[in-house]
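So the structure is just underneath, and the comments pick up after that.
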2 protein chains.
Amino acid sequence: MVRKPATLKDVAALANVSRATAARALNSYGYVGDETAQKVQAAAEQLGYRGNRLAQALRNGQLPIVGCILGDIQNPFFARIAHDIEVLARERGHNLVIGSSEEELAQEISLLASLQSLSIRGFIVAPTSADNNAHLQGLIAENVPLVLIDRVAEGVDCDNVLVDNEGGARKAVEYLIAMGHRHIGLLQDDMRIFTSRERMSGYQAALAAAGIAPDDRMVSVSQSTVEHAVDATIRLFSQKSPPTALFTVDSLMTQGALLAFRSMGISIPHDVSLIGFDDFNLATFTDPQITVVSQPVSEIGRAAARLLFDRLSGKNEPPQKIRFETKLIVRGSVSRRSDG
Amino acid sequence: MVRKPATLKDVAALANVSRATAARALNSYGYVGDETAQKVQAAAEQLGYRGNRLAQALRNGQLPIVGCILGDIQNPFFARIAHDIEVLARERGHNLVIGSSEEELAQEISLLASLQSLSIRGFIVAPTSADNNAHLQGLIAENVPLVLIDRVAEGVDCDNVLVDNEGGARKAVEYLIAMGHRHIGLLQDDMRIFTSRERMSGYQAALAAAGIAPDDRMVSVSQSTVEHAVDATIRLFSQKSPPTALFTVDSLMTQGALLAFRSMGISIPHDVSLIGFDDFNLATFTDPQITVVSQPVSEIGRAAARLLFDRLSGKNEPPQKIRFETKLIVRGSVSRRSDG
DNA sequence: GTGAAAGCGCTAACAA
DNA sequence: TTGTTAGCGCTTTCAC
């Protein structure tokens, strides 16, 4: 037996009132007689009535859903953020639609288009590309609330939540330099990605400040997956004069580097020192524990959601830019070096 | 400047045809003159028309979205599944709404209700409770496609995708017994959760088969978070005669146990042997590496999504039950014991 | 081949 | 206090 969900009309009929009255009673607005209200409530109960949010949304133009487009939910960094956003959304009676761009601009664009045609109320996006973003500008032109997260997009003026990538990277590399390293490798992500750029700047700035000439052979680019990072690390450390220290731009890369070092028989921190950007569960389980630049992951999603809901409730201030500090957490993966 | 999205009416007007014709041209069905079709296409292009999926859904009763209610996306097991479902959904032109039940029945129920009122096309759920599930039965009564994942719910007859929890747990514990252990601890999750029950059965069956009497002091119950697992492990191993081996029912618990052992100065596998259910990234980074029962995580989400989309495309067979095998992956966290 | 019109379920302005 | 009605944007019979 297939039971169709009851509609407002059914409720109204059972309660012997008009649809308008039924609606008023159920949403408690406008004037409704006490007795009538009771009758309607009873009828609704009896029929197991739940409003059709689709119809409501069509009527008032907005579906109480927020869309969230991230690189990949499998990355614990994004998983945490998605979770926090969902919690806050739920508190406000919204649901969460989630999409992975998988760091493909085309996918981000089509995902966004498909969500836009859902009349979703607002978006939280970690944009794949720092410069190519007509689709985001379009959102803003249509006045759809948008919060950028983890990254910014050029020419897209809206709320965003970032961390101090450059400063964090710089702290890490300065620390390596202070420990006597001068051949410092960088394992970085695709340069289209904003965070990757910023972290590289920090790396370069630290080198420059110490008077160390940049050296392309010290830099390896990889996609942000453990597997790719393994390969990139192997490439970097198969050279005749490899780095004595490595800075990795995210936790997946750090894991890849760890794996690569193990397979190459390179020991940390004896043979090479390592600092990763973004703390991760594994970092304290290894021996030695890994020194990292940590970011306040638990703040990011919540801050973004708060910003978004402020907009949704009509706040009309100029875009806010929140930038969280990062922290160097010194553990055991860096050793002092005298020969450089 | 706020630009409102163009509607079909706008397109029709610009192309000088009726809305019906415009719709036909854009969705390419029915008869449309070539020339007319061109005109409409051009107009749509010019206005940047994208259909309103909300209105379409209201019209034909279903929104091309699938809902997914899992324990917690932060658990890598669920993150992986969610990701795979999203990929498959996207291939079929659907989006994914995600909700975390956080293993709270009440939350699962309210989440489900709120998604149901969205006229979502189907659901994939990892039910929190094995017995309390009127809400899921309601779904079936209304003929909404539902696939249960990781767990079953009593009296809910629908497609489901599971792994052989009991067999996996049994293999693990049998292995410990074969290695000479007789005091085998169990660190388990809330008993309302189906997988927890099954894994405990496997544990008990293995003990029984070896003629080892069950002992309540060997069992500790915790919530599935690293923090809770740490406490539970400490409790278990603070007894006067603690277990010589531990079996943990999921990867978060395994991590908790690892942390607890470290803080207590208990070394693996020398002082205690460990096997965890569910493989996890950290397992091969520790020293020694952790022996685990692995499940084919990458299959589960895909299988569930496939089942769901089969239903959505009208397949009307009796519910399918897929149960994947588990595999004991022997690494280094178990040692041989002669004294028992 | 194309248009007119009904209606999905709901809300809100207006009347009564 | 309640009912009537229009209409959100779309699809789809039915008539021409």
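What you see is a predicted model, and the numbers here were worked out from it, not measured in a lab. Each chain gets a letter, A, B and so on, in the order the sequences are listed, and its residues count up from 1.
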Below 4.0 Å: OP1/OP2 of C:dC10 and any side-chain N or O of A:Tyr49: yes
Side chain to side chain, B:Glu104 and B:Thr128, heavy atoms closer than 4.5 Å: no
Proximity to the side chain of A:Ser18 - top-ranked nucleotide from D:dT4, C:dG9, C:dC10: D:dT4
Along DNA chain D (nearest heavy atom to each residue), the more 5'-positioned of B:Pro5 and A:Ala37: A:Ala37
Protein-nucleotide distance (A:Tyr31, atom OH; D:dG3, atom P), rounded to Å: 17 Å
First of B:Thr21 and B:Asn60 reached from the 5' end of DNA chain C, by closest nucleotide: B:Thr21
Distance in angstrom units between B:Leu54 CG and C:dC8 C1', rounded: 12 Å
salt_bridge(B:Glu86, B:Arg90) N-O dist < 4.0 Å: yes
Per B:Val17 side chain, nearest of listed nucleotides C:dG3, D:dC10, D:dT12: C:dG3
Rounded interatomic separation in angstrom, taking CZ from B:Arg50 and P from D:dG9: 13 Å
Rounded distance (Å) that lies between atom C1' of C:dG3 and atom CG of B:Asn16: 13 Å
Options D:dT12, C:dC10, C:dG9, nucleotide nearest the side-chain atoms of B:Ala20: D:dT12
Nucleotide C:dG9, atom C1' - distance to CG of B:Leu118 in whole Å: 14 Å
First encountered from the 5' end of DNA chain D, between A:Arg19 and A:Gly33: A:Gly33
Side chains of B:Pro145 and B:Arg121 in contact at under 4.5 Å (non-hydrogen atoms): no
Side-chain donor/acceptor of B:Asn95 to backbone N/O of B:Ile65, under 3.5 Å: no
Touch class at under 4.0 angstrom, heavy-atom based, for A:Asn27 against every strand present: sugar-phosphate
Length of the line joining B:Lys9:NZ and C:dA4:P, which is rounded to integer Å: 13 Å
Whether A:Arg151 side chain and A:Pro127 backbone form a donor-acceptor pair below 3.5 Å: yes
Phosphate OP1/OP2 of C:dT2: any B:Thr36 side-chain N/O under 4.0 Å: yes
Length of the line joining B:Gln56:CD and C:dC8:C1', which is rounded to integer Å: 13 Å
Sugar-phosphate only, base, or nothing, as touched by B:Gly51 at under 4.0 Å among non-hydrogen atoms: sugar-phosphate
Separation of C:dA4 C1' from B:Arg24 CZ (nearest whole Å): 11 Å
